[in-house]
Amino acid sequence: STERLCCNMEPIMKKLHYIEDKLDRLASVIAIMTFAVMSVLVCMQVISRFFFSHSFQWAEEMGRYLFIWSTMLASACAVHTHLNIGVDILVNNIKGKAQFTVKLLAQIFMILAVYIIAVYGSEQTMDVYSAGQTATSFPVSAAVLYLSVPVSGALMLFYTTVQLLELIFYGKFTENKIRNFFGGAA
């Protein structure tokens with residue numbers, strides 16, 4: 001019966017993995033781009049200050065916004081590829097059903113934590129948007145900065161839910177997601 005259920009879930013899991021991989025690829029590209037733009041801005045600011053004694057007021061704040069977006073999206077990507085921080089000494093030293101139970105509970109707690117982050121981040125974003133707060137150096141809503149939390153939280157929630165389904169239906173997580181992302185190199 002369990003084997004039959006796994007077979008019935010196969011098309012659904014394939015579709016979820018497809019969506020998961022596309023979302024992760026998009027988040028990775030955006031994280032890389034925001035980090036690259038931030039790096040250029042910081043270099044430009046340093047050169048401008050050092051050589052021309054001129055500072056761009058908006059560059060520092062824009063760099064901060066880009067850094068936060070890059071970090072939040074990269075965190076979501078880390079969850080997808082199982083590269084997020086974890087203490088697995090306990091899990092590695094137990095076997096069988098006990099190990100499965102610990103992994104299952106850890107995944108459920110992760111889902112709860114990420115859900116709280118996504119919901120709280122959404123509330124904060126809406127509060128900032130409703131208050132009309134803007135960046136101090138350029139005319140952009142401060143909600144753009146806060147939006148990084150619910151966006152990355154939603155991605156993490158999706159990834160951890162798919163991982164929970166993998167654990168339930170296959171008894172393990174999908175292996176080598178990092179290898180697949182980098183085209184075969186671990």
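- Side-chain heavy atoms closer than 4.5 Å link hydrophobic residues (I, L, V, M, F, W, Y) into clusters, and following such links, even through other members, never connects I47 to V37.
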Point to revise | Residue pair E10, Y170: steps toward the side chain to side chain donor-acceptor pair (under 3.5 Å) verdict | key: CA-CA 10 Å; E10 190 66 31; Y170 303 129; 2.9 Å; yes

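- With respect to R49 and E60, a salt bridge is recorded, a charged nitrogen being found less than 4.0 Å from a carboxylate O.
- Of the inter-residue distances, the one linking R25 atom CZ with I30 atom CD1 reads 13.0 Å to the nearest 0.5 angstrom.
- When side chains are defined from C-beta on, Y159 counts as touching D24, because their heavy atoms get closer than 4.5 Å.
- Counting only distance, with no hydrogens or angles, the side chain of S55 and the backbone of Q57 share no donor-acceptor pair below 3.5 Å.
- Heavy-atom minimum distance, Q163 versus V79: NE2-O, 2.8 Å.
- Under the 4.5 Å side-chain criterion, counting only non-hydrogen atoms from C-beta, Q124 is not in contact with V149.
- How far OG of S70 is from CE of M38: 6.5 Å, rounded to the nearest 0.5 Å.
- F35 and V40 are assigned to two separate hydrophobic clusters, defined by single-linkage of ILVMFWY side chains at heavy-atom distances under 4.5 Å.
- When every heavy atom of V162 is checked against every heavy atom of M13, the shortest pair comes out as O-CE, 3.9 Å.
- Nearest heavy atom pair, residue A76 against residue M156, reads CA-CG, 3.6 Å.
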Should F158 and I19 be marked as a side chain to side chain contact (heavy atoms under 4.5 Å, CB included) after you check the CA-CA gap, both sets of side-chain angles, and the distance that decides it?
CA-CA 10 Å; F158 179 72; I19 295 167; 3.8 Å; yes

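- Taking the six-membered ring where the residue is Trp, F56 and H54 present perpendicular rings, their angle passing 60° and hence far from 30°.
- Annotation for V144 and W69: closest pair O-NE1, 2.8 Å, computed over non-hydrogen atoms.
- The hydrophobic cluster containing F67 also contains V140, counting ILVMFWY residues as joined when their side-chain heavy atoms lie under 4.5 angstrom apart, directly or transitively.
- Checking side-chain atoms of S148 against main-chain N and O of I68 turns up no donor-acceptor pair under 3.5 Å.
- T81 places a side-chain N or O within donor-acceptor distance of the main-chain N or O of C77, the cut-off being under 3.5 Å.
- Between W58 and T136 there is no side-chain heavy-atom pair separated by less than 4.5 Å.
- Of all the heavy atoms in V114 and L157, the pair that sits closest is CG1-N, 3.2 Å.
- Between the CD atom of E20 and the CG atom of L155 there is a distance of 10.5 Å, given to the nearest 0.5 Å.
- Summarising the geometry, atom CD belonging to E61 is positioned 8.5 Å from atom CG belonging to L145; distances are rounded to the nearest 0.5 Å.
- Remark: K97 NZ to T101 OG1 distance equals 7.5 Å, nearest 0.5 Å.
- Side-chain atoms of Q107 do not come within 3.5 Å of backbone N or O of L167 as any donor-acceptor pair.
- Taken together through direct or relayed side-chain contacts under 4.5 Å among Ile, Leu, Val, Met, Phe, Trp and Tyr, I108 and I168 form part of one hydrophobic cluster.
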* To do: Let me see the working for N93 and Q99 under side chain to side chain contact (heavy atoms under 4.5 Å, CB included), right down to the final yes or no.
  => CA-CA 8 Å; N93 287 316; Q99 185 182 51; over 6 Å; no

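- The CG atom of L164 sits 4.5 Å away from atom CD1 of I111, with the distance rounded to the nearest 0.5 Å.
- No more than 12 heavy-atom neighbours from other residues, nucleotides or ligands sit within 6.0 angstrom of NZ on K14.
- Counting heavy-atom neighbours within 6.0 Å of Y146 OH, excluding the residue itself, gives a total of 12 or less.
- Between F138 and M62, the shortest heavy-atom contact is CE2-N, 3.8 Å.
- Under the 4.5 Å side-chain contact rule for hydrophobic residues, Y120 and V128 do not share a cluster.
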